[in-house]
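Each chain gets a letter, A, B and so on, in the order the sequences are listed, and its residues count up from 1.
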Protein chains: 2
Amino acid sequence: MTVTLADVAARAQVSPATVSRVLNGNYPVAASTRERVLKAVDELDYVLNGPASALAAATSDLVGILVNDIADPFFGIMASAIQAEIGGPGGRAGGERLAVVCNTGGSPERELTYLTLLQRQRAAAVVLTGGAIEDAAHQAAMDAKVRKLTEAGTRVVLCGRPPAPDTGAIALTFDNRGGGQELTEHLIGLGHRRLGYIAGPEERTTTRHRLEGHRAALAAHGIEEDPGWTVHGRYDRRSGYEATLELLRRDPSLTAVVAANDSVALGACAALRDSGLRIPEDVSVAGFDDLPFSIDAVPSLTTVRLPLAEAGARAGRIAMGREEAPPGGIASVRGELMVRGSSGVPRTS
Amino acid sequence: MTVTLADVAARAQVSPATVSRVLNGNYPVAASTRERVLKAVDELDYVLNGPASALAAATSDLVGILVNDIADPFFGIMASAIQAEIGGPGGRAGGERLAVVCNTGGSPERELTYLTLLQRQRAAAVVLTGGAIEDAAHQAAMDAKVRKLTEAGTRVVLCGRPPAPDTGAIALTFDNRGGGQELTEHLIGLGHRRLGYIAGPEERTTTRHRLEGHRAALAAHGIEEDPGWTVHGRYDRRSGYEATLELLRRDPSLTAVVAANDSVALGACAALRDSGLRIPEDVSVAGFDDLPFSIDAVPSLTTVRLPLAEAGARAGRIAMGREEAPPGGIASVRGELMVRGSSGVPRTS
DNA sequence: AACGTGACAGCAAGCGCTTTCTATACAGGA
DNA sequence: TCCTGTATAGAAAGCGCTTGCTGTCACGTT
């Protein structure tokens, strides 16, 4: 059998209670006793039984991080920053927490089920990253679940996701609308008047907000948008490639392509090149997020930098109660326009 | 207070035992009773207490996935594939498991602590991904921990990591040596005789094996290697950039640069371009892993494709006991040479 | 008519901890 | 000297669930 607290207690000639106190360090124990206990723990190679202690103490050291796609660096970077702050091992002593990343794959059901699973584990905190799914029923279900979690004492932080009012969750929202607007305004400023837009999946807040920003910029400059200039796709390179070909087919006179994110933009670049078009001489391209590889594209990508790591770190700290929540429980995080080689003045055909 | 099994039992007018059996579905319960119970569960919005059931049943539904760097798609892709197989939510019914990704950041201590944490949670299985750290003391500690886990009934699978003999762990190893050799042989075949090598961090099995493969290829073709042709760095773009500049400084006559992985190769490309060198006309570049962005580099990257998703999926299945372990508990997974635009014949200066 | 036999359901004993309350011992103060 | 305060250790009552074992019926058998 595995070693239990009682075994350690017997070996150290103390009561189980004392061993527990030594291990938790939340009660005075004479130095000599503590040493004896620690020695016994070491000799027996004792490992605390997590479930048992969680049950007895009615708390757990699990912290959940939900991401849409763990293979996407957008989420990887945030998750990494969050986890670093949660502590996990290596953090400050004592508060050793198991920060776990759960991959929803963008599926509403998985999202809910993971939340239930975390609720079941009595997680200490949960961080939800990335855009939310815009489905009334799903959102109501999510909100209800989140409310239940916060009511049970689990701290819930939304990182890069719109606020969920009246759920007790704290939100660190990305200003996708503002970023999208700034980006498109940059292109308009260069002289572009015919801009294609490759949007992400529909029914996603991120998709909608970025697109809204784009359109706001067009409207602000009196540019009438052709419905054919917008194509929806997934947040990946492949989708960007295909969408760009489609865009080109619909309107070869486009002088710029704005993508929902950097991966999509990369796909767009590939499609343009394969179509014999030069970037940015023939067509300008812009992305969003400024993931690490974006600067390595040729030409390097004009994009909006989102402070993913910083936001993640802050979300992690808030989840751990080490940083105060923003006033009103909501903070908006701005992006920064990064003008690089992929955008230039439109061709004068 | 939160709802407990007893509350549900009271409402459904049955004993707690019956509720438990309905929920676990591992004991005959009359259909009418089951329905009554399920109705009560629903009405009360009951969520099982994970720790309590783990304690009582002496098993948990947690599966741990250890990765070196979650922000790196290399690990993200594997983690995603593993998690998809583990089931997590969305998998086959009943066996709902919480697949959790733990980010070690490449730190030996974290690696060990996470293993302890998982052991503490009585994890059902653990998958360790990526290269191991080559430090005798650390390896001994890891092996001991792994042995303890397997002895306690936790299935341990190594994915892309060298076997750990006598620990009970199952290994799916990447043939880094073979891949490295094949890659370099490709370059030699093109006519290159002066090849720089940007290795990963020292004391890592992955680093060592890839480098060994490279050197084996050189040796096989009677090419004497200059010690200055190898530079060590991290597995990231930045490191590749700097290492390339250093390589160029040491020996401007190099006609090819082989990188430890694709990110490093991308950095190398950037450094070469910034130095006014064309790829592959002046210098050929090769990477390793074939991550999604590699095909989008300009020119697209010659590299060795590692079946990350496939290997991860298989590791996940083995961890879940849904696939038989390979004979001897060890399987080697081969990479595939992808010849693309970044490699060509050497310049004839 | 007596009895074995399934099919269910309930009892109750833990699982291995935490924590409240109580006990002991010794020190100092009156 | 007696009392009280302080520091430390132990006893024991759970935490909420699982599960072996013990009923209890309603039948089909002989």
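- Between Asn26(A) and dT18(C) there is no side-chain N or O to OP1 or OP2 distance below 4.0 Å.
- Contact annotation: Tyr27(B) side-chain N/O to dG10(C) OP1/OP2 distance is not under 4.0 Å.
- Within the 4.0 angstrom heavy-atom criterion, base atoms lie near Ala17(B).
- Between Asn24(A) and the phosphate of dC17(C), there is no side-chain N or O to OP1/OP2 separation shorter than 4.0 Å.
- Between Glu310(B) and Arg314(B) no salt bridge is recorded (no basic side-chain N to carboxylate O distance below 4.0 Å).
- If you take CD of Gln121(A) and P of dC17(D), they are 13 Å apart, rounded to a whole angstrom.
- Regarding contacts with the backbone of dC8(C), every side-chain N or O of Thr18(B) stays at 4.0 angstrom or more from both OP1 and OP2.
- Heavy atoms of Asp7(B) sit nowhere under 4.0 angstrom from any nucleic acid atom.
- Side chain Arg21(A) to base dG10(D): a donor-acceptor pair is found below 3.5 Å.
- Counting to the nearest Å, the P atom of dG16(D) and the OH atom of Tyr46(B) are 10 Å from each other.
- Using a 4.0 Å cut-off between a side-chain N of Lys or Arg and a carboxylate O of Asp or Glu, Glu43(A) and Lys39(A) qualify as a salt bridge.
- Counting to the nearest Å, the P atom of dG14(D) and the CG atom of Leu55(B) are 17 Å from each other.
- At whole-Å resolution of the value, CG in Leu5(A) and C1' in dT18(C) are 9 Å apart.
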